[in-house]
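Numbered from 1 within each chain, the chains take letters A, B, ... in sequence-line order.
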Amino acid sequence: METLNALAEGFAVALTLQNIFLALIGCALGSMMGALPGLGPANGVAVLIPLAFSLGLEPTPALILLTSVYYGCMYGGRISSILLNIPGDEPAMMTCLDGYPMAMKGQAGLALSLSGVASFVGAVFATIGLAILAPQLVKIALLFRPAEYFALYVLAFATLGGISSTNQAKSAFASLLGLMLAMIGYDSQTGTPRMTLGLLHLNDGIDFLVVIVGLFAVSEVLIFLENRHGGVDHKPPAIGRVTPPLKMLRFTAPAMGRGTVLGFLAGILPGAGASLGSFIAYSLEKKVSDKDRTFGKGDPRGVAAPEAGNNAAAGGALVPMLALGVPGSGTTAVLLAVLLSMNITPGPLLFTDRPDVVWGLIAALLLANVMLLVMNIPMVSLFARVLLVPPRFLMPVVAMISFVGVYGVTGSSFDLTVMVIFGVLGWVLRKLDIPLVPVVLGVLLGNAMEVNLRRAMEIADGDWTVLFGSALAIGLWAVALVGFVLPIFFGARVKRKMRMEDESSVKD
Amino acid sequence: MSDRILGGLALVFAAFYIWQATLIRESFMSDVVGPKTFPLILGVAMGVCALVILLRPDSDPVWPKGMQLLEVLMAVAVMFAYAQLLPDLGFLIATALASTYLTWRLGTGPVMAVIAGIATSGGIYIVFRLILGLSLAKGPLGF
C-alpha cells in the first residue's frame with residue numbers, strides 16, 4: 001500500500017509534459033544507440049550526460065532522460081542481433097543465437113516482435129521488482145555505519161571484476177587505477193591538495209564526466225578506426241509481419257517468465273549486469289526446453305528468454321544503485337555519475353529526502369516501457385533502417401557530440417585534452433583485456449570510500465578492527481572475498497562458454 | 001610480453017604514487033587517519049597487482065601494426081589538435097575539419113567526407129547551439 005501511494009506520487013512527478021517528452025526522446029535515442037553495433041548503453045549514456053548537464057536539467061528530468069536511454073538500448077540491442085547477427089550491445093549477444101537463424105528462415109518480423117514483447121515483460125516486471133525491493137533494501141541499508149559502507153564498497157569492487165575480466169589481477173588493477181585517480185585534488189577533510197604534481201588545473205580533481213566520456217566514447221572511436229577494414233556495409237533482410245500470433249506468445253510465455261526472474265536476480269548482484277542476465281536466461285532455457293534440439297536453429301523461446309533476461313537485469317541493476325549507491329553494472333555506474341554530478345547521493349537517505357526523484361524515476365520507467373513497446377514493435381522497421389546508415393558517417397558524429405558535451409560543461413580545452421588522454425588510455429586498456437567499468441566506478445566511489453574509512457576510524461579512535469566490528473561487516477567482507485576468489489576458478493570457464501556459444505553461432 | 005610491460009609500468013607507477021603520497025602535507029588539525037593513509041594503501045595494493053600481472057602474464061593482444069597504428073596515432077593527434085584549437089578556430093570550423101578527417105579515414109571518399117564534415121558540424125551547431133542553446137566555443141568569427 002505504501003508502495004502504491006509512493007508510486008502514485010511518482011506518476012504525478014513523471015506525468016509533466018517535459019518529462020514525457022524527455023522519456024520519448026530518451027527511448028528513441030536509446031533504441032537507436034542500442035541498435036547500432038558498437039554503441040552500447042554505457043557509451044550512449046556517457047555521451048549524453050554532459051549534454052543533460054549543460055542543458056541545465058533538474059535531477060529528476062535528467063535521470064528520466066538517461067534511464068530511458070538505458071532501457072531503450074536494452075530494447076534496441078536485439079535489432080541488429082536478429083537482422084545482422086551482430087549484437088547491437090553486449091547483453092544482446094545471446095539473442096543472436098536463435099534470432100538470426102529465425103531471420104534467415106524469413107521470420108525476422110516474428111523474431112523482432114516476439115523479442116519486443118519479451119523485453120517489455122522483462123523490463124516491466126523488473127521495474128515493479130525495483131519498486132518493491134528497493135525500499136526493503138533501504139531498511140537494511142539504514143543499519144550501515146561507515147565501517148559497513150567501506151566493506152560494501154570493497155564488495156562492489158571485488159564482485160565487479162569477476163564478471164568483467166578473466167584475470168582478477170587485471171580487474172583489481174582497474175579498480176585501483178580508478179581509486180587512485182579519484183584521490184587527485186583537494187582532500188575533502190583537511191583541504192590539502194593531493195597528487196596534483198603541482199598542476200593548478202588538477203586541484204579540483206579530475207572531472208569524472210571527462211573520464212567517463214574519454215574512456216567509453218573516445219576509445220570506441222579509436223577501436224572503430226583500427227578495425228575499419230573488417231567493417232562492411234550491411235544489408236539487413238526483409239522484416240515482414242511484425243505482430244506475433246497469440247499462439248506464439250503463449251508458447252514462449254514460460255520462457256519469458258523464467259528469463260525475467262533469472263535476469264532480475266542477476267541484475268541485483270553487484271557487478272553482474274545485463275550480459276550475465278541474458279546468458280543465464282538463455283542457458284537455463286536451453287536446458288529446460290531444448291528437447292528437440294531446436295535451439296540455435298531459430299527457436300522462438302531462445303529469443304524470448306535472453307531478451308526478457310537482459311531487460312530484467314537492467315531493471316535489477318538499478319536496485320543496488322538507488323538503495324545503496326553501489327551500481328550493479330557499467331551503465332548504472334554511469335547513471336550514478338549523473339546523480340553525483342547533480343549533488344544527489346544515492347542510498348537510503350535518497351528515499352526519505354528525495355522521494356520525488358526515486359518514485360518519479362520508477363513511474364517514468366513504467367511509462368517509458370510502454371513507449372518502447374510501441375516503438376519497438378509497430379515501428380521497428382524505422383529503427384532497423386538506422387542500421388543502413390554506415391558507421392563511417394555516424395562515428396565522427398558521436399565523437400564530436402562527446403566533445404561538445406564535455407566542452408559545454410567545463411568550457412576548458414584543458415579538459416578536452418585530458419579526455420583525449422583518457423580515450424587513448426581506454427583504448428590501451430581494452431586491448432589488454434582490462435575492464436573499463438571498475439576504473440569508472442573507482443573514480444566515482446573513491447572519495448566516498450575514503451571518507452567512510454576515515455569516519456569509521458574517527459569513531460573508533462583509530463582502531464582498525466572496527467572494520468570487522470559487526471556481523472554485517474564481517475558478512476560483507478566474506479561475500480567480497482568469495483566474490484573475488486570464486487571467479488579465479490570459475491570465471492574463466494563461464495567466460496569461455498559465453499564466447500564459445502557466440503562463435504559457434506557465427507560459424508553456422 | 002605486453003602484460004609484462006604493463007606490469008612493469010604499473011610497478012613504476014605504484015612506486016611513484018607512493019612517493020607522491022608521502023609528500024602530501026599533513027595539516028596540524030587532521031583526523032586520525034589523515035590524508036596520506038588511503039593513497040598509501042592504494043599504492044601498495046597497486047604494487048601487488050603489478051607484480052601478479054608481471055609474473056603471470058596473459059597471451060598478447062593483437063596490436064595494430066604499420067599503417068593501422070599510424071591511423072590510430074593520426075586520429076589521436078587530430079583529436080589533440082581539435083582540443084587545443086577549438087577556442088582559436090571556433091566551433092564550426094574546428095569541428096568541420098576534425099569530422100571531415102575522421103569520416104575520410106573511416107573509408108569515405110574525400111569529396112563526400114568534406115560534405116559530411118560540414119554537414120556534421122552544421123547539424124550539431126543547429127541542434128545544440130540554435131535549438132538547445134548550449135554554449136559552444138566562439139572563434140574570432142563569432143561561431
Hey, can you dump all donor-acceptor pairs under 3.5 Å between chain A and chain B, distances included?
{"from": "A/Asn167", "atom 1": "ND2", "to": "B/Asp58", "atom 2": "OD1", "distance (Å)": "3.3"}
{"from": "A/Asn167", "atom 1": "ND2", "to": "B/Asp58", "atom 2": "OD2", "distance (Å)": "3.2"}
{"from": "A/Lys170", "atom 1": "NZ", "to": "B/Asp3", "atom 2": "OD1", "distance (Å)": "3.1"}
{"from": "A/Lys170", "atom 1": "NZ", "to": "B/Asp3", "atom 2": "OD2", "distance (Å)": "2.8"}
{"from": "A/Lys170", "atom 1": "NZ", "to": "B/Asp58", "atom 2": "OD2", "distance (Å)": "3.0"}
{"from": "A/Met180", "atom 1": "O", "to": "B/Tyr17", "atom 2": "OH", "distance (Å)": "2.7"}
{"from": "A/Arg194", "atom 1": "NH1", "to": "B/Pro35", "atom 2": "O", "distance (Å)": "2.7"}
{"from": "A/Glu226", "atom 1": "O", "to": "B/Gln68", "atom 2": "NE2", "distance (Å)": "2.7"}
{"from": "A/Arg228", "atom 1": "NE", "to": "B/Arg105", "atom 2": "O", "distance (Å)": "2.9"}
{"from": "A/Arg228", "atom 1": "NH1", "to": "B/Arg105", "atom 2": "O", "distance (Å)": "3.4"}
{"from": "A/Arg228", "atom 1": "NH2", "to": "B/Glu71", "atom 2": "OE1", "distance (Å)": "3.4"}
{"from": "A/Arg392", "atom 1": "NH1", "to": "B/Thr108", "atom 2": "OG1", "distance (Å)": "3.3"}
{"from": "A/Thr417", "atom 1": "OG1", "to": "B/Gln84", "atom 2": "NE2", "distance (Å)": "3.0"}
{"from": "A/Lys431", "atom 1": "NZ", "to": "B/Val62", "atom 2": "O", "distance (Å)": "2.9"}
{"from": "A/Arg454", "atom 1": "NE", "to": "B/Asp31", "atom 2": "OD2", "distance (Å)": "2.8"}
{"from": "A/Arg454", "atom 1": "NH2", "to": "B/Asp31", "atom 2": "OD1", "distance (Å)": "3.1"}
{"from": "A/Glu458", "atom 1": "OE1", "to": "B/Val32", "atom 2": "N", "distance (Å)": "3.2"}

Flag the one option from [options] with the top tally of heavy-atom pairs under 4.5 Å to chain A.
| options | result |
| --- | --- |
| B/Gly7, B/Gly123, B/Ala45, B/Ala116 | B/Ala45 |
| B/Val72, B/Val52, B/Val62 | B/Val72 |
| B/Gly34, B/Ala113, B/Ala50 | B/Gly34 |

ask   = Any idea which heavy atoms bring A/Gly462 and B/Val32 closest together, and the distance?
value = CA-CG1, 3.5 Å

For the student: nearest non-hydrogen atoms of A/Leu176 and B/Cys49, plus distance = CD1-SG, 3.9 Å

Beyond-backbone contact of [X] with [Y], side-chain heavy atoms, under 4.5 angstrom:
| X | Y | value |
| --- | --- | --- |
| A/Phe393 | B/Leu106 | no |
| B/Leu42 | A/Met183 | yes |
| B/Phe80 | A/Leu416 | no |
| A/Phe403 | B/Leu86 | no |

ask   = If you round to the nearest 0.5 Å, how far is CZ of B/Phe91 from CE of A/Met400?
value = 8.0 Å

Interatomic distance, B/Phe38 atom CZ to A/Leu179 atom CG [nearest 0.5 angstrom] =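 Here the interatomic distance stands at 5.5 Å.
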
message = For a side-chain contact (heavy atoms from CB on, under 4.5 Å) check, start with the C-alpha distance between A/Phe173 and B/Val48, then their side-chain angles and the critical distance, and finish with the verdict.
response = CA-CA 9 Å; A/Phe173 170 88; B/Val48 175; over 6 Å; no

message = Using heavy-atom distances under 4.5 Å, tell me whether A/Ile223 contacts chain B through its side chain, its backbone, both, or neither.
response = neither

ask   = Measuring heavy-atom distances to chain B, does A/Ala399 have an atom under 4.5 Å in its side chain, in its backbone, in both, or in neither?
value = side chain

message = Taking side chain as everything from C-beta outward and backbone as N, CA, C, O, which of these in B/Leu136 sits under 4.5 Å from a heavy atom of chain A? Side chain, backbone, both or neither.
response = both

query = With only heavy atoms counted, which part of B/Ile41 is less than 4.5 Å from chain A, the side chain, the backbone, both or neither?
reply =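 Contact with chain A: side chain only.
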
key: Whether over 12 other heavy atoms sit under 6.0 Å from A/Phe414 CZ   =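 Count over threshold, so yes.
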
key: Single hit among A/Val424, A/Ile421, A/Val420 for side-chain contact (heavy atoms from CB on, under 4.5 Å) with B/Met79   =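 Single pass found, and it is A/Val420.
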
request  = Could you have a look at A/Leu453, A/Ile401, A/Val428 and say which one has the most heavy-atom pairs with chain B under 4.5 angstrom?
outcome  =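 If we count pairs closer than 4.5 Å to chain B, A/Ile401 comes out on top.
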
